[in-house]
S.K.: 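This is the structure I have questions about; it appears just below.
Just so it is clear, the values below take in all heavy atoms, side chains as well, and ignore hydrogens, waters and symmetry mates. It should be emphasised that the depicted structure is a prediction, and the values quoted were computed from it without experimental measurement. Chain identifiers are assigned alphabetically (A, B, ...) following the order of the sequence lines, protein sequences preceding nucleic acid strands; residue numbering begins at 1 within each chain.
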Amino acid sequence: MFRFLRLSVLFAVLFVSAGSHAADASQPLSTADDLGPQVDQPIEFPHDRHAGDAAQGGMQINCMYCHTYARRSMTAGIPPTQKCIGCHQSIESVRETPRIKKLFEYWEAKKPIPWKKVHDLPDFVRFHHERHIQRFYFQQGKPVQEVCGYCHGNVKTMTVARRTKSLSMGWCVSCHEKQHPVDAASTKTAQGPNDCWQCHK
Amino acid sequence: MSVNNLLENWAQFRHFHPVDDKPHDPYKWAMSIDLDACSGCNACSVACYAENNIPVVGKEKYAHGQAMHWIRIEHYWDEDIGVPGGREFPEQGAQFLPMMCQQCEAAPCETVCPVGATNHTADGLNSQIYNRCIGSRYCSANCPYKVRYFNWYDYPTTDNVWPETMTRQLNPDVTVRSKGVMEKCTFCVQRLNAAMSTARSEGRKVHDGEVQTACQQACPTNAISFGNLVDPESRVAKQWARQQVELTKDKQTKDAEPGGSRLRGYRILEELRPYPSVMYLERVRESAV
């Protein structure tokens with residue numbers, strides 16, 4: 001009798017715990033906890049001023065004007081100081097502001113700006129920027145800020161970029177499992193690769 | 001591949017491989033090694049160590065059987081050394097055989113992994129995922145070629161295999177493995193992925209000879225050729241065809257000929273039906289049997 005009771009209690013507990021586990025599994029993959037740490041950069045670079053919408057006082061510069069390697073290599077790349085100076089030497093209006101002064105200090109000292117990595121993946125992961133940009137920007141013709149934003153969030157509203165997506169494997173897979181149109185015109189769809197060695201190295 | 005996905009589609013991931021409903025397309029990486037050209041110089045092994053961040057374990061651990069060479073040169077000696085009328089010097093009778101992961105189509109290691117750390121890829125490679133591996137070493141026990149190597153120590157830290165500044169020679173495209181994981185030859189998957197990506201951006205397939213494995217690149221006698229078996233014009237596919245070795249067979253038709261075939265191509269332990277992707281070229285001689 002008591003043994004039976006004990007067993008039923010055990011089953012009840014098992015059932016409840018299994019149920020709560022199922023509830024966990026259905027939670028959205030992106031949560032508020034995905035927000036990465038605030039990274040202190042050598043210069044507080046205003047992404048919103050450069051890439052933001054004109055209505056918010058932004059310049060609407062294409063992400064790939066500065067992160068130029070994203071479309072043709074594995075890493076998106078940090079622009080060389082030369083790129084910043086290329087524009088800023090002829091923008092007199094902000095020449096004396098503290099951040100631009102700091103920029104010119106690095107330039108005149110011939111030193112690279114020691115930017116810190118914000119979206120840092122583990123060493124065993126191979127993420128290929130080119131493949132994603134080629135697929136979503138060049139083949140599907142989506143707006144560049146949307147394409148970059150799939151992983152980097154809404155950078156055009158940030159000053160210093162901050163990680164807003166979890167960048168975990170489950171998060172990557174949640175998109176790779178979906179059917180994406182192969183290009184802007186066709187109705188043909190394909191999934192992202194599911195091979196371990198496509199992303200793991 | 002989430003765990004749920006893995007459990008639901010277990011049968012699919014454990015797909016028996018050379019099958020008609022799932023042909024390799026557009027790539028099936030394969031190799032052929034000409035043993036008559038191999039001089040046993042070990043350059044392939046050295047190149048592999050450099051390319052794939054393999055720790056050099058030292059004499060003592062080597063003697064314990066803990067060497068990590070993903071490609072090793074096996075020596076076979078003729079048996080008539082020292083007998084009257086036989087060869088005088090052992091060096092005369094040496095046969096060399098570079099042995100690495102054969103990237104089996106129906107790999108014995110894949111079926112036994114308790115956590116699904118080793119899987120088959122669409123282009124016919126046997127992948128090993130280090131951070132999923134829990135180090136049960138079951139795969140190694142089940143590998144007929146004994147080409148899986150286990151990290152018994154945390155070589156980069158405890159053994160200090162790469163002291164400071166030497167870490168700069170490590171290949172950034174390959175993980176530095178930690179203690180407790182299994183590793184093996186990958187057919188230089190980092191090079192394959194780079195080549196496939198370039199080809200894809202240019203809207204074409206990888207050309208034959210565009211991608212080389214490290215061992216192939218280092219081989220002074222060109223004994224190793226590597227390429228895409230799906231492409232009938234590739235060097236490897238031509239060699240396989242010329243030698244009448246078929247990937248999906250466990251007994252080659254040519255071997256059924258009376259008196260045996262005069263062709264040199266064979267695959268090692270083919271009769272165990274792992275369907276290996278590496279063909280060796282050497283006539284089986286009386287002295288070696």
Side-chain angles (χ1 to χ4, degrees), chain A residues 18 21-29 64 69-77 117 120-140 166-178 182-183 186 190-201, chain B residues 1-9 12-13 27 29 51-53 103 110 113 115-133 156 167 170-178 181 183-194 196-203:
Chain A
H21 180 74
D24 287 344
S26 65
Q27 271 178 1
L29 278 155
M64 287 188 289
Y69 310 109
R71 62 175 169 271
R72 53 192 162 96
S73 87
M74 205 140 116
T75 49
K117 214 164 178 182
D120 198 9
L121 290 171
D123 286 347
F124 50 78
V125 177
R126 173 196 289 120
F127 177 83
H128 214 298
H129 275 90
E130 183 190 1
R131 291 264 62 78
H132 292 84
I133 298 289
Q134 288 289 341
R135 182 64 186 274
F136 293 108
Y137 182 66
F138 290 105
Q139 289 172 12
Q140 290 190 14
S166 69
L167 307 185
S168 65
M169 177 170 147
W171 179 84
C172 295
V173 170
S174 72
C175 194
H176 274 232
E177 278 174 339
K178 284 181 196 152
V182 290
D183 57 54
S186 84
Q191 281 183 332
N194 195 19
D195 264 353
C196 305
W197 264 350
Q198 288 288 335
C199 316
H200 285 271
K201 60 184 185 185
Chain B
M1 196 188 327
S2 65
V3 175
N4 279 345
N5 190 2
L6 185 70
L7 293 175
E8 277 166 30
N9 301 309
Q12 193 200 330
F13 290 122
Y27 302 112
W29 302 112
E51 170 74 17
N52 292 302
N53 302 341
Q103 313 288 351
E110 287 173 15
C113 179
V115 291
T118 177
N119 282 284
H120 222 70
T121 70
D123 41 10
L125 298 177
N126 173 239
S127 68
Q128 173 74 24
I129 305 303
Y130 308 119
N131 51 322
R132 188 174 276 265
C133 177
T167 50
L170 291 172
N171 186 348
D173 295 333
V174 181
T175 310
V176 175
R177 280 81 57 185
S178 54
V181 299
E183 59 185 65
K184 65 165 198 73
C185 163
T186 63
F187 268 4
C188 286
V189 69
Q190 65 281 4
R191 296 182 176 204
L192 300 182
N193 276 341
M196 286 192 286
S197 177
T198 313
R200 215 166 156 192
S201 294
E202 293 169 9

S.K.: Enumerate by number any residue of residues 123-130 of chain A whose heavy atoms lie under 4.5 Å from heavy atoms of chain B; in the absence of such residues, state 'none'.
M.R.: A/Asp123, A/Phe124, A/Arg126, A/His128, A/Glu130

S.K.: Identify, with sequence neighbours excluded, every residue that meets side chain to side chain contact (heavy atoms under 4.5 Å, CB included) alongside B/Ser178.
M.R.: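 In terms of side chain to side chain contact (heavy atoms under 4.5 Å, CB included), with neighbours along the sequence ignored, B/Ser178 is linked to B/Asp154.
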
S.K.: Please classify the contact between B/Asn126 and chain A as side chain, backbone, both or neither, with a heavy-atom cut-off of under 4.5 Å.
M.R.: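 For B/Asn126, the contact with chain A is made by the backbone alone.
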
S.K.: Once you round to the nearest 0.5 Å, how far does OG1 of B/Thr121 lie from CG of B/Asn119?
M.R.: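 Answer rounded to 0.5 Å: 9.5 Å.
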
S.K.: Could I get the full list of side chain to side chain contact (heavy atoms under 4.5 Å, CB included) partners for B/Arg200, not counting sequence neighbours?
M.R.: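 Partners of B/Arg200 under the side chain to side chain contact (heavy atoms under 4.5 Å, CB included) test: A/Arg131.
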
S.K.: With no hydrogens and no angle check, is any side-chain donor or acceptor of B/Thr118 less than 3.5 Å from a backbone partner on B/Ser127?
M.R.: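 Between the backbone of B/Ser127 and the side chain of B/Thr118 there is a qualifying donor-acceptor contact (under 3.5 Å).
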
S.K.: Given B/Asn52, which of B/Arg177, B/Gln190, B/Glu183 fulfils the side chain to side chain donor-acceptor pair (under 3.5 Å) condition?
M.R.: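 Option passing the side chain to side chain donor-acceptor pair (under 3.5 Å) with B/Asn52: B/Gln190.
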
S.K.: Test of understanding: with side chain to side chain contact (heavy atoms under 4.5 Å, CB included), list the residues that count as partners of B/Cys133, not counting sequence neighbours.
M.R.: B/Ala117, B/Gln128, B/Val181, B/Met182

